Asker: 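This is the structure I have questions about; it appears just below.
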Amino acid sequence: MAVSIRPTREDDHAAVVDLLTRRWTSPEILIEGEMIDGSRLPGFIAEDDGEMVGLVTIIKRESEWEILTLDSLNRWGGVGTLLLNAVVGSALENGIRRLMVRTSNDNLDAFRFYQRRGFRLEKVVFGAIDEERRLKPEIPLTGEYRIPIHDEVVFARTI
């Protein structure tokens, strides 16, 4: 697999909306009661022979960047790591030394992915997903491995 990574562009918008809708039910992602259009955020696309095989979107703040979404369409093939490495490189180029990411309590694969790449568990926000479900009822009650989804888990990494 010859995957290349590049920054997202305006002409990627339709493809980004499609991927976020398939993977997240909508490009609109709810964080702390605020709806964020992930399709309008900066990020990176992974392509294999011109076909999108992964996407990461980033919320850029003054002192830290937050990974809003990270999706690899070819799991276990290294695409997620390539996308994360692109974020790390760009953050360092922009003087950012802290990355964070949120996930739901059921996402054990994300727990493993981020911890193996230097992220540390920072906090658990108990009931955060239950609260978000009131504003976005399409959030499922049960997630991966049939684990009930209730809480938000925050991981962070200093780079």
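What you see is a predicted model; the values in this text were computed from it and never measured.
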Asker: Ignoring hydrogens and angles, write down the donor-acceptor pairs under 3.5 Å from the side chains of residues 33-46, residues two or more places apart or on other chains.
Answerer:
residue : atom : partner : partner atom : Å
D37     : OD1  : S39     : N            : 3.0
D37     : OD1  : S39     : OG           : 2.5
D37     : OD2  : S39     : OG           : 3.4
S39     : OG   : H13     : NE2          : 2.9
R40     : NE   : H13     : NE2          : 3.3
R40     : NH1  : E10     : OE2          : 3.0
R40     : NH2  : H13     : NE2          : 3.4

Asker: So, do D130 and E132 sit near enough that their side-chain heavy atoms are less than 4.5 Å apart?
Answerer: no
Asker: Only counting residues at least two apart or in another chain, list the ones meeting side-chain hydrogen bond (donor to acceptor under 3.5 Å, both in side chains) with R116.
Answerer: none
Asker: To check you understand the geometry: which heavy-atom pair defines the closest contact between G54 and L83, and what is its length?
Answerer: C-CD1, 3.7 Å
Asker: T81: what forms a side-chain hydrogen bond (donor to acceptor under 3.5 Å, both in side chains) with it, not counting sequence neighbours?
Answerer: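 For T81 the side-chain hydrogen bond (donor to acceptor under 3.5 Å, both in side chains) partners, ignoring immediate neighbours, are R117.
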Asker: Is there a side-chain contact between T69 and L20 in this structure, where contact means two heavy atoms from C-beta onward sitting under 4.5 Å apart?
Answerer: yes
Asker: Does a side-chain heavy-atom distance below 4.5 Å link E51 with L73?
Answerer: no
Asker: Answer yes if I159 and L121 sit in the same cluster of Ile, Leu, Val, Met, Phe, Trp and Tyr residues linked by side chain heavy atoms under 4.5 Å apart, and no otherwise.
Answerer: yes
Asker: Please report the closest heavy-atom contact between I96 and E62, naming both atoms and the distance.
Answerer: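 Minimum heavy-atom separation between I96 and E62: CD1-O, 3.4 Å.
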Asker: Mind checking whether V3 and E47 have side chains closer than 4.5 Å, heavy atoms only?
Answerer: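 Of all side-chain heavy-atom pairs linking E47 with V3, none is under 4.5 Å.
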Asker: Decide whether I139 and W24 are clustered together by the hydrophobic rule: side chain heavy atoms of Ile, Leu, Val, Met, Phe, Trp, Tyr closer than 4.5 Å, transitively.
Answerer: no
Asker: Among residues at least two apart in sequence or on other chains, which ones pass side-chain hydrogen bond (donor to acceptor under 3.5 Å, both in side chains) with D49?
Answerer: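 Counting only residues at least two positions away or on another chain, D49 forms no side-chain hydrogen bond (donor to acceptor under 3.5 Å, both in side chains).
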Asker: Counting only heavy atoms from other residues, nucleotides and ligands, does the tally under 6.0 Å from CZ of R22 exceed 12?
Answerer: yes
Asker: Please indicate whether K123 has more than 12 foreign heavy atoms, meaning atoms of other residues, nucleotides or ligands, lying under 6.0 Å from its NZ.
Answerer: no
Asker: Kindly compute the distance separating OG (S26) from NZ (K136), expressed to the nearest 0.5 Å.
Answerer: 4.5 Å
Asker: Using the rule that two of Ile, Leu, Val, Met, Phe, Trp, Tyr join whenever any of their side-chain heavy atoms come within less than 4.5 Å, decide whether Y114 and L108 are in one cluster.
Answerer: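 Same cluster.
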Asker: Just list the side-chain donor-acceptor pairs under 3.5 Å for residues 87-94, sequence neighbours left out, or say none.
Answerer:
residue : atom : partner : partner atom : Å
N94     : ND2  : S90     : O            : 2.7

Asker: Taking the six-membered ring for Trp, is the centroid-to-centroid distance between F155 and F119 below 6.0 Å?
Answerer: no
Asker: Heavy-atom distance under 4.5 Å between the side chains of I149 and P140, does that happen here?
Answerer: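 Yes - at least one pair of side-chain heavy atoms lies under 4.5 Å apart.
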Asker: Closest heavy-atom contact between I29 and L68?
Answerer: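 For I29 and L68, the tightest heavy-atom pair comes out as CG2-CD1, 3.7 Å.
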Asker: Taking salt bridge (Lys or Arg N to Asp or Glu O under 4.0 Å) as the cut-off, I'd like each qualifying pair that reaches into residues 63-73, sequence neighbours left out, listed once.
Answerer: R23-D71, R61-E64, R61-E66, E64-R98, E66-R102
Asker: As an exercise, state the distance from CG of L84 to CD1 of I67, rounded to the nearest 0.5 Å.
Answerer: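 Atom-to-atom, L84:CG and I67:CD1 are 5.0 Å apart.
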Asker: Answer whether the closest heavy-atom distance between the side chains of R6 and D12 falls below 4.5 Å.
Answerer: yes
Asker: Which residue is it: T142, N107, N105? I am looking for the one with a side-chain contact (heavy atoms from CB on, under 4.5 Å) to I147.
Answerer: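 Checked T142, N107, N105 against I147; only one passes side-chain contact (heavy atoms from CB on, under 4.5 Å): N105.
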Asker: Can you tell me how far apart CG (L82) and OG (S72) are? Round to the nearest 0.5 Å.
Answerer: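 Answer for the CG-OG pair, L82 versus S72, is 9.0 Å.
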Asker: Within this structure, what is the CG-CD distance for the pair L30 and E152, rounded to the nearest 0.5 Å?
Answerer: 9.5 Å
Asker: If you look at every heavy atom in L19 and M52, which pair is closest and at what distance?
Answerer: CD1-SD, 3.6 Å
Asker: What's the separation between atom CZ in R157 and atom CH2 in W65, rounded to the nearest 0.5 Å?
Answerer: 13.5 Å
Asker: Under 3.5 Å, is there a donor-acceptor pair between the D109 and Y145 side chains?
Answerer: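 A donor-acceptor contact under 3.5 Å links the two side chains.
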Asker: Side-chain contact test, heavy atoms from C-beta onward, threshold under 4.5 Å: evaluate it for F113 versus V101 and give yes or no.
Answerer: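 No. Closest side-chain heavy atoms not under 4.5 Å.
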Asker: Are I58 and L99 connected into the same hydrophobic cluster when the rule is that any two of I, L, V, M, F, W, Y join if their side-chain heavy atoms are below 4.5 Å apart?
Answerer: yes
Asker: Please test I31 against I59 for side-chain contact (heavy atoms from CB on, under 4.5 Å), starting from the C-alpha separation and ending with a verdict.
Answerer: CA-CA 11 Å; I31 291 192; I59 300 170; 4.1 Å; yes
Asker: I'd like to know if the side chain of D106 reaches the main chain of P148, judged simply by a donor and an acceptor atom lying under 3.5 Å from each other, with no hydrogens or angles considered.
Answerer: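 Side chain of D106 to backbone of P148, a donor-acceptor pair under 3.5 Å: no, none is there.
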